Amino acid sequence: MTDLTPPHLRSFEASVLTGDATPEDLETLRKRSSVYVYESPVRLWHWVNALAITVLAVTGYLIGKPLPSMQISEATHQFVMGYIRFAHFAAGMILTVGFFGRIYWAFMGNSHARQMFILPITNRRWWYEVFYELRWYMFLVPEPKKYVGHNPLAHAAMFFFMTLGITFMMLTGWALYAEGAGQGSLPDTFMGWLLGLIGNSQILHMLHRFGMWSMVIFVLIHVYAAIREDIMSRQSTVSTMLSGHRTFKDDRPD
Amino acid sequence: MTQIETFYEVMRRQGITRRSFMKYCSLTASALGLGPAFVPKIAHAMETKPRTPVIWVNGLECTCCSESFIRGAHPLAKDVVLSMISLDYSHTLMASAGHAAEAALEDTIQKYKGNYILAVEGNPPLNEDGMFCIVGGKPFVKQLRHVAKDAKAIISWGACASYGCVQAAAPNPTRATPVHKVITDKPIIKVPGCPPIAEVMTGVITYMLTFDRLPELDRQGRPAMFYGQRIHDKCYRRPHFDAGQFVEAWDDDNARKGYCLYKMGCKGPTTYNACSTIRWNEGTSFPIQSGHGCIGCSEDGFWDQGGFYDRVTNLKAFGVEANADKVGMTAAGVVGGSIAVHAAVSALKRAQKKQEKAEG
């Protein structure tokens, strides 16, 4: 067997000898092309949060618009609505704990762990890049730029729908939970003031319902954008939230 | 100043026996959620304290509060409270009329300056200098300010005085304004409802006369003992809610079985009141027991929260007849559709690019 491999690529013996890599592959392979972005607590939070939001949206929808009445047994032994509400409250508490854990990690983790919480609105270049990314989505530029963390557009979406959105849902959600927990309870002590501020609990319910729909819309966009970027952009997206590594597909500059 | 009678003396004068008086004290104690130990305390206070006069004024209202008040479940409670409070001035109940009545009001204000309780039924309209409600030839708002000046505390009877009720519903042409937004320098206790429950009204007055202070209030200024929980929290149909058994239509079998009225727009889950515990008309029934959902009459702005039979609140914020679900689902649908189109265009672009690459 003649050795076709150029001298600087000989170190990738395994790939060559198993017939797994072409010379072009090896050219790519010798460059370091991945950055460790999302540490394990961030990844864990992401998936726990995703699961909690799914449970919250489904059960929340059913609390507002319950399933058709069912006659399984006597009302004493039947607890359909009760279990749905239990799932909602349990998921809400997990979401809350997770979010506080995420804030803790913003302080303890790497710089990417903080990105979601702050928008660099005074940075003119950031605004330029937001519109650049927007143009990429409008098919007006042939290819996007490389980003290590969130791209500027995703960064803004994360900030508004997640950082502010989850905060809003936690505040209104706990204020609603405080109603059932009763006056003087812990949730009431912390969040009861919100109902006093808004006045009518119906408005509070309605605001929480709007929050749910904004979450649903975010999830639609988020999942689509993540898959699309994974296929069409110049870096990995979906696998990054599994392994934490952002890998880049080409060696060209911006 | 003339010697003022004690409550007990007033009651005895009304022909109430000591035995009935003690019954009243224990009834009041339990209505207020106090233990048996408070019965002698109430009795003692009633026997020794001079009665506190109450001035009852009426603004924009329908008199349903007065109607409710004189139908107290325990007839004795009503008699006692009515004889206890000074009815020198109350449009519906006073004997005098015209100048004599107005003079009696002035008398009471002068005589008990800083010492009387002001009960307000209804609210003042502020537009056109308050000309939409004239009492004794003057705008009601003037009378209210005048009487409130020397009051010890103010009770806002009903949804009108507490929140504005129907006359303050959008667009509120007369600018009917709840009492606490007009009088800001006095302690105000809100007793909302349209009308409030009679026992709640007598209970609040008795508490204030007996203990000489306001009962414990919640964040919205309502007596916590009666407005601390939602109708839903104590509803006898609650097990059907937890089971997921609902009335689906007014004439279905579930309605006959007495299932939960949640889907029929019952406002029990968002309404703070004592209807499901104290009930109405001597404890006979309350709306949900008679098969109709709660309309949330003791809540702020209950006329502007969509229809009485709407489950999810109608959205007034956007000024369209759509609710949160309609708006949300439409938005999600539009976003979902856009994503599908965007994905298709993306795929086409990608294919085009590949072809160009292959050709180039």
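Quick caveat: nothing in here was measured; it's all calculated off a predicted structure. Every heavy atom of this structure was used, including side-chain atoms; hydrogens, water molecules and symmetry mates were not. Below, read A as the first sequence line, B as the second, and so on, with proteins coming before strands; counting in each chain starts at 1.
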- Query: How are the rings of A:His222 and A:His46 set to each other: parallel, tilted or perpendicular (split at 30° and 60°)?
  - Reply: tilted
- Message: Does the structure place the NZ or CZ of A:Arg228 under 6.0 Å from the centre of the six-membered ring of A:Trp136, at an angle of no more than 45° from the ring's axis?
- Response: yes
- Interchain contact, B:Arg222 with chain A, by part (heavy-atom threshold 4.5 Å): neither
- Query: Checking B:His342 against chain A: side chain, backbone, both or neither under 4.5 Å from a heavy atom?
  - Reply: both
- Looking at A:Asp250 and A:Lys146, does any basic side-chain N land under 4.0 Å from a carboxylate oxygen? yes
- Message: So which residue, B:Ala343, B:Pro269, B:Ser346, ends up with the most heavy-atom pairs under 4.5 Å with chain A?
- Response: B:Ser346
- Flag the pair B:Tyr262 / B:Gln245 as yes when at least one side-chain heavy-atom distance between them is below 4.5 Å, and no otherwise. no
- Message: Please classify the contact between A:Ser214 and chain B as side chain, backbone, both or neither, with a heavy-atom cut-off of under 4.5 Å.
- Response: neither
- Side-chain contact, heavy-atom cut-off 4.5 Å: A:Phe99 with A:Thr167? yes
- Note on the structure: Applying a strict 4.5 Å limit to non-hydrogen atoms, the region of B:Ala347 in contact with chain A is neither
- Item | A:Ile198 portion near chain B, given a 4.5 angstrom heavy-atom threshold | neither
- Query: Should B:Ile295 and B:Pro287 count as side-chain neighbours, where that means a heavy-atom distance under 4.5 Å?
  - Reply: no
- Query: So, is the end of the B:Lys267 side chain (NZ or CZ) under 6.0 Å from the ring centre of B:Phe308 and within 45° of the ring's axis?
  - Reply: no
- Message: Heavy-atom cut-off 4.5 Å, strictly under: side chain, backbone, both or neither for B:Gln229 against chain A?
- Response: neither
- Task: Could you tell me which portion of A:Leu207 (side chain, backbone, both or neither) has an atom closer than 4.5 angstrom to a non-hydrogen atom of chain B?
- Result: neither
- Hey, can you tell me if A:Tyr132 and A:Tyr128 have their rings parallel, tilted or perpendicular (30° and 60° cut-offs)? tilted
- Note on the structure: Among A:Tyr61, A:Phe79, A:Phe139, the residue with the most heavy-atom pairs under 4.5 Å to chain B is A:Phe139
- Query: Picking from A:Glu179, A:Gln183, A:Glu74, which has the most non-hydrogen pairs under 4.5 angstrom with chain B?
  - Reply: A:Glu179
- Message: Between B:Arg219 and A:Asp188 (salt bridge meaning N to carboxylate O under 4.0 Å), is one present in this structure?
- Response: yes
- Message: Which label fits A:Tyr38 and A:His150: parallel for a plane angle under 30°, tilted from 30 to 60°, or perpendicular past 60°?
- Response: tilted
- Heavy atoms only, distances under 4.5 angstrom: which of A:Arg85, A:Met70, A:Met138, A:His77 has the most pairs with chain B? Name it, please. A:Arg85
- Query: Top residue by heavy-atom pair count (under 4.5 Å) with chain A, among B:His240, B:Gln220, B:His232?
  - Reply: B:Gln220
- Task: Return the option, out of B:Ala331, B:Gly244, B:Gly336, with the maximum number of heavy-atom pairs under 4.5 Å with chain A.
- Result: B:Gly244
- Query: Where on B:Val345 is there a heavy atom nearer than 4.5 Å to chain A: the side chain, the backbone, both, or neither?
  - Reply: both
- Item | Portion of B:Tyr259 that has a non-hydrogen atom of chain A nearer than 4.5 angstrom | side chain
- Task: Among the options A:Gly82, A:Gly192, A:Gly180, pick out the one with the most heavy-atom pairs lying under 4.5 Å from chain B.
- Result: A:Gly192
- Query: B:Asn254 and B:Glu248: side-chain hydrogen bond (donor to acceptor under 3.5 Å, both in side chains), yes or no, with the steps?
  - Reply: CA-CA 7 Å; B:Asn254 294 356; B:Glu248 305 279 351; 5.0 Å; no
- Message: Looking only at heavy atoms and a cut-off of under 4.5 Å, which of A:Ile227, A:Ile84, A:Leu67, A:Val216 has the most pairs with chain B?
- Response: A:Leu67
- Can you tell which part of A:Ile231 gets under 4.5 Å to a heavy atom of chain B, answering side chain, backbone, both or neither? both
